[in-house]
Number of protein chains: 2
Amino acid sequence: MAAPARKKPVKRRRSPIQSRGQATVDVIVEAAAQILARQGPAAATTNAVAARAGVSIGTLYQYFADREALLVEIGRRHVAEMQAVLAGALAGIDGLDLPAAVDRLVAAIVASHRVSPRLHQALHQSLARDHLDTIDAFEVAVEAMVRQALAARPELDLAAPELTATVLVRGLGGLIRTTIRREPERLDDPALAIAMRAMILGTLAGSRRGA
Amino acid sequence: MAAPARKKPVKRRRSPIQSRGQATVDVIVEAAAQILARQGPAAATTNAVAARAGVSIGTLYQYFADREALLVEIGRRHVAEMQAVLAGALAGIDGLDLPAAVDRLVAAIVASHRVSPRLHQALHQSLARDHLDTIDAFEVAVEAMVRQALAARPELDLAAPELTATVLVRGLGGLIRTTIRREPERLDDPALAIAMRAMILGTLAGSRRGA
DNA sequence: GAGAAACATGAGGCTTTGCTCAGATCCTCG
DNA sequence: CGAGGATCTGAGCAAAGCCTCATGTTTCTC
């Protein structure tokens with residue numbers, strides 16, 4: 001329930017047919033992502049992107065209907081990359097006991113946020129409200145994953161497993177994002193990982209049916 | 001430690017001397033906040049703000065050196081308002097036992113975020129990186145407060161009280177902000193408050209010196 | 001190899017926005 | 001009252017950004 005309201009469709013232009021065109025699209029997206037991450041949303045003008053990509057502005061508009069469409073595509077690729085890192089770091093987690101699994105989860109989420117923190121934040125700042133769901137997709141996916149993991153462990157005896165999953169994932173995500181923005185270097189602090197583990201395990205223990 | 005890097009000073013222009021001028025400033029700031037909250041950052045052009053305030057564009061620039069200075073002032077006032085709500089909802093918390101105090105805290109933080117969720121998000125999106133600390137001030141204040149509260153309860157026997165405070169406040173804040181953005185109506189769900197309480201109490205229990 | 005389709009170019013049109021300035025109006029206070 | 005400071009006005013400048021289009025180049029297909 002609670003769908004995100006109105007949603008403007010992402011206008012597209014011609015998709016590349018030849019491999020040359022595909023390469024051009026890649027170059028453009030990467031250039032844009034780089035500027036966005038390094039100099040922020042304001043610097044990512046379509047002309048600047050085209051220049052950095054070594055491509056004419058007309059070429060950019062051959063593949064993207066407008067600036068927003070380009071941003072959305074960057075968001076899609078970024079989310080895909082984060083999900084790939086997450087999946088990689090989460091491999092074989094099913095066989096682990098709870099504390100070990102939690103450690104893995106923490107490490108995996110942190111690692112996926114490390115893919116490109118600046119880009120992540122820049123996207124949050126520059127995407128229009130209608131398209132924020134593009135980046136939210138990552139957290140939505142993690143939420144689904146955790147929900148499933150919790151369901152697979154009835155011994156946790158959770159009063160409201162789905163809600164607990166939501167609270168955990170959003171809390172963890174918010175904590176990581178805030179930390180990246182305010183004290184980026186602290187993400188490497190082992191003490192933080194320990195504190196996050198305590199938070200997760202504690203929350204699970206505190207969300208039992210008993211009280 | 002870990003201070004937020006460079007910081008451009010907020011350019012000011014003449015401060016109002018007469019009460020007429022003060023009133024004008026208020027009208028401008030409120031008009032801007034309204035546009036920001038209702039139509040988003042892109043709609044909040046200086047001309048639009050002046051028009052909605054019923055004031056000429058020249059008047060706006062008499063009091064604000066540039067658009068960013070106006071945004072910063074909006075941020076300052078918004079944070080002050082949130083802090084006022086927080087302080088009000090937190091009155092007399094010192095005498096309560098832990099579970100009751102936590103309930104109060106949860107209610108207080110939620111209430112302060114309810115002041116103007118859309119404006120809160122719009123500010124996050126439109127403030128330049130150099131000025132994001134303006135809004136971060138709220139969470140910084142809450143963090144200090146919680147840190148102090150935890151220090152006052154040695155019976156909690158926390159292994160790293162300050163870190164626990166940080167993790168709790170940032171996690172909670174992130175959770176609330178994400179929820180406001182994705183499912184605003186859910187903020188009223190009593191189940192969410194219960195889940196947050198479980199999270200806090202659980203985290204505290206899980207952060208003991210013992211392990 | 002020729003025609004067609006895909007791809008690329010970039011000058012510049014069109015719009016918008018932040019902001020200035022020369023002067024008008026209002027308020028205070030001796 | 002009347003001088004002087006505070007406040008307000010709004011036409012419009014300069015800069016910047018998004019995007020188009022007429023034209024040229026490369027690649028594919030038969």
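Each chain gets a letter, A, B and so on, in the order the sequences are listed, and its residues count up from 1.
Of the possible polar contacts, one joining the B:Gln125 side chain to the A:His124 backbone as a donor-acceptor pair under 3.5 Å is found. The backbone N or O of B:Leu175 lies less than 3.5 Å from no partner atom in the side chain of B:Thr178, so there is not a single donor-acceptor pair. Checked by atom type and distance alone, the side chain of A:Ser56 pairs as donor or acceptor with a backbone atom of A:Gly58 at under 3.5 Å. Checked by atom type and distance alone, the side chain of A:Arg104 pairs as donor or acceptor with a backbone atom of A:Ala91 at under 3.5 Å. In terms of modelled atom types and a separation under 3.5 Å, the side chain of B:Glu68 and the main chain of B:Ala128 share a donor-acceptor contact.
Atom OH in A:Tyr61 sits roughly 17 Å away from atom P in C:dC14 (whole-Å rounding). The CD atom of B:Gln18 sits 8 Å away from the C1' atom of C:dC26 (whole-angstrom rounding). C:dC19 atom P lies 10 Å from atom CG of B:Leu71, rounded to whole Å. For the pair B:Leu70 CG and C:dT17 P, the computed distance is 15 Å after rounding to whole Å. Nucleotide C:dA6 holds its C1' atom 14 Å from the CD atom of A:Gln22, rounded to whole Å.
Shown here are the salt bridge (Lys or Arg N to Asp or Glu O under 4.0 Å) partners of B:Arg114, two or more places apart in sequence or in another chain: B:Asp188. Residues forming a salt bridge (Lys or Arg N to Asp or Glu O under 4.0 Å) with A:Arg67 (at least two apart in sequence, or on another chain): none.
On the nucleic acid side, DNA chain D has its first and last nucleotide under 4.0 Å of a heavy atom of chain A at D:dG17 to D:dT27, going 5' to 3'.
If you check residues 35-51 of chain B against DNA chain C, the residues with a heavy atom closer than 4.0 Å are B:Thr45, B:Thr46, B:Asn47, listed by number.
Here A:Arg20 does not reach the OP1 or OP2 of C:dC7: none of its side-chain N or O atoms lies under 4.0 Å away.
Note on B:Asp136 versus A:Arg181: salt bridge recorded, some NZ/NE/NH1/NH2 to OD/OE distance being below 4.0 Å.
Summarising the geometry, atom CD1 belonging to B:Ile109 is positioned 4.0 Å from atom CG belonging to B:Leu105; distances are rounded to the nearest 0.5 Å. Note that CG of A:Leu158 is 5.0 Å distant from OG1 of A:Thr164, once rounded to the nearest 0.5 Å.
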Can you name the atoms? Protein N/O to nucleotides 9-11 of chain C N/O, anything below 3.5 Å, with the distance.
| unit_1 | atom_1 | unit_2 | atom_2 | d |
| --- | --- | --- | --- | --- |
| C:dT9 | OP2 | A:Ser56 | N | 2.8 |
| C:dT9 | OP2 | A:Thr59 | OG1 | 3.1 |
| C:dG10 | N7 | A:Ser56 | OG | 3.0 |
| C:dG10 | N7 | A:Gly58 | N | 3.4 |

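Screening residues 69-95 of chain A for ring pair (Phe, Tyr, Trp, His ring centres under 6.0 Å), with sequence neighbours left out, gives A:His78-A:His120.
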